[in-house]
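All remarks here apply to the structure that follows.
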Amino acid sequence: MFGHDGEAVHVSAPAVPGGDQRSDDAAAAPGDEKRAGIPIDESGEHLGIVRSRAVGASRDLPQVQDGAELLLSRRSDVELSRRGQLLVPRLRSQRVAKGNFTMLELDGHEVRLSNPDKVYFPKPGWTKLDIARYYVDVTEAALVHVRERPTVMKRFVNGIMEDPIWQKRVPQKVPGWLQTGTVAFPSGRTAEELVANDAAHLVWAVNLGVIDFNPWPARRGDLDHPDELRVDLDPTPGIKWDAVRRTAMVVRDVLTEHGLRGYPKTSGSKGIHVNVRVEPSWDFLEVRRAALALAREVERRVPKLATAEWWKEKRHGVFVDYNQNARDRTVASCYSVRPTPDARVSCALDWDEVPDVEPEDLRLDTVRDRLATVGDPAADIDEHAGSLEGLLDLARRDEEEGLGDAPWPPHFPKQKGEPKRVQPSRDRDRPTHRGRAGDPQPGGPPPGTRTGGLQRGFGSKPRTGQGYEDEFED
DNA sequence: GGCGCTT
DNA sequence: AAGCGCCAACGCCCG
DNA sequence: CGGGCG
């Protein structure tokens, strides 16, 4: 096993002079990232460790190497707190020797990994170094989905048991070689986000506590025109995994019939994602509109299986979350490790694997071997950019039949044509609403307000698990 | 996790 | 040198 | 103000 024993990691080597805040390295040109062929071994040397320090820190701590066992056995560090509906053990803090670090040589840059032995996944004992090692080993496959894309950093600074810190803007002080891209939010505000173009960038982010990468669906060169439509399938509570797989197969059919090729992957949590590479010729509004049309079509075909309803109280089955295609929404990228207790990976699949795939088999400790043996089913996604016209035609037909826009997520300004953004059960003007005696009778919706007709196919989504979710409770 | 200011 | 405070998303709609 | 939703 690639270990958290620490020994292999703390390879002594001549110190390398200089800090890591230099800016002399020219930024690699987009697309020509190079990485030394790195054999997988147990020594840690394949990571290009050039320098490290490992000392026992606090008086009450043994050596850093024992950190994992210490963490797992210290019940006094556990508190119960309410998270969702369940009482979940929460770690108050990690007890890791302070000041330890490892310097990695990647892509011609020195990347510092602080606290490499800090346990991020308590159950299997995987550490920050294990995560870095994973990403170095799968760099080629992972980069396909993050390269040139501004990326949100969801930082699990204290491992998966604690809530993450969301960080869009890169820190003020970063290495000179770090690549970034400036995105504009719907409000007009902007943020300079990470653009992870090589292994050094991936590991730099891992050092800050990043476990999964959440890139924009558009590339730095044209951030107003997404080149990826994302189909996010998420089962509502109680829905079997097989329903998700079967829904994915329906998604495949709808995409194919509209001239598009989908690339399925496990979400690493409870769902499946299907990424669709499209020509960057449509804006966010249009991509979301296409995604909404697709979601509604899937629901029409298998109404007992799938739903495109935004409001949870109206969802049944597998939710097709069209809203993940709104500007500023992101989804964990392919080959990202997910913050689940068993360190699942969002792993690309061939369509013929989908009917039988079991997400628990695809983990931080198994996906590198899978890539080496069966290869990467998503490797050619960039060679198959399609047109959105087919789905937009479908959207047009829906609209002609009276289906308007569907609700947008919180934080977004009210959109033109958007229906009332309120939970149906709380809508005063709900058609079937029975007011109490004395209440005014609102009648129907405000006249002239609706361009469309029926409220059918409004979509929504129950969240795709970020973090530690109840279904993973031990 | 990192920085900058204070002991 | 160690300790401490502080910071690290999006920010609207509806009742 | 609380609740919607990822």
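Chain identifiers are assigned alphabetically (A, B, ...) following the order of the sequence lines, protein sequences preceding nucleic acid strands; residue numbering begins at 1 within each chain.
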What nucleotide among D:dG4, C:dG11, D:dG2 has an atom nearest to a side-chain atom of A:Ser187? C:dG11
Whole-Å distance, A:His411 NE2 to C:dC13 P, equals 12 Å
A:Asp224 bridged to A:Arg327 by N-O distance under 4.0 Å: yes
A:Lys173 NZ to B:dC5 P, straight-line distance once rounded to whole Å: 11 Å
Considering only side-chain heavy atoms of A:Tyr120, which listed nucleotide, B:dG1, C:dC12, D:dG3, is closest? B:dG1
C:dC10 to D:dC5 separation - P atoms, rounded to the nearest Å: 22 Å
Quick one: look up who D:dC5 pairs with, Watson-Crick or G-U, both distances under 3.5 Å, and put none if it's unpaired. none
Where the side chain of A:Lys118 is concerned, which of B:dG1, D:dC5, C:dA9 is the nearest nucleotide? B:dG1
C:dG11 - base-pair partner by Watson-Crick or wobble geometry, distances under 3.5 Å: none
A:Asp117 atom CG is separated from B:dG1 atom P, nearest whole Å, by 12 Å
Rounded off to whole Å, could you give me the NZ-to-P distance for the A:Lys314 and D:dC5 pair? 13 Å
Within the structure shown, what part of the strands sits under 4.0 Å from A:Lys414 by heavy-atom distance: base, sugar-phosphate, or nothing? sugar-phosphate
Return yes if some donor-acceptor pair links the side-chain N/O of A:Asn325 with the main-chain N/O of A:Phe284 below 3.5 Å, else return no. no
Looking at the side chain of A:Arg421, which of C:dA8, C:dC13, C:dG15 is the nearest nucleotide? C:dC13
Which listed nucleotide (B:dG1, C:dG15, C:dA9) is nearest to the side chain of A:Lys420? C:dG15
Scan A:Pro409 against the nucleic acid and name what it touches under 4.0 Å (heavy atoms): base, sugar-phosphate only, or nothing. nothing
If we ignore hydrogens and angles and just use 3.5 Å, is the side chain of A:Asn323 paired with the main-chain N or O of A:Pro407 as donor and acceptor? yes
What is the nucleic acid contact for A:Val157, judged by heavy atoms within less than 4.0 Å: base, sugar-phosphate only, or nothing? base
Taking only the P atom of each, what is the distance from C:dG11 to B:dG1 in whole angstrom? 27 Å
Choose from C:dA8, D:dC5, C:dG15 the nucleotide whose nearest atom is closest to any side-chain atom of A:Gln167. C:dA8
Using a cut-off of strictly less than 4.0 Å, decide whether A:Arg169 has a side-chain nitrogen or oxygen near OP1 or OP2 of C:dA9. yes
Counting any heavy atom closer than 4.0 Å, what does A:Arg155 reach on the DNA or RNA strands: base, sugar-phosphate only, or nothing? base
Over 60° means perpendicular and under 30° means parallel, so classify the ring planes of A:Phe185 and A:Trp216, tilted if in between. tilted
Using a strict 4.0 Å threshold on nitrogen-to-oxygen distance, state whether A:Arg300 and A:Asp398 make a salt bridge. yes
Measure from CD1 on A:Ile165 to C1' on C:dC6 and round the result to the nearest Å. 11 Å
May I ask you to say what A:Leu208 touches in the nucleic acid, namely base, sugar-phosphate or nothing, with a heavy-atom cut-off under 4.0 Å? sugar-phosphate
Give a yes or no on whether a salt bridge exists between A:Arg189 and A:Asp328, defined as a side-chain N under 4.0 angstrom from a carboxylate O. no
May I have the distance from A:Phe185 (atom CZ) to C:dC10 (atom P), rounded to whole angstrom? 5 Å
If the cut-off is 4.0 Å, is A:Asn207 near the phosphate of B:dG2, judged by side-chain N/O to OP1 or OP2? yes
Once you round it to whole Å, what is the distance between P of B:dG2 and CG of A:Leu178? 13 Å
Taking 4.0 Å as the cut-off, does a side-chain nitrogen or oxygen of A:Arg189 come that near to OP1 or OP2 on C:dG11? yes
Would you kindly give the CD-to-C1' distance between A:Gln415 and D:dC5, to the nearest whole Å? 15 Å
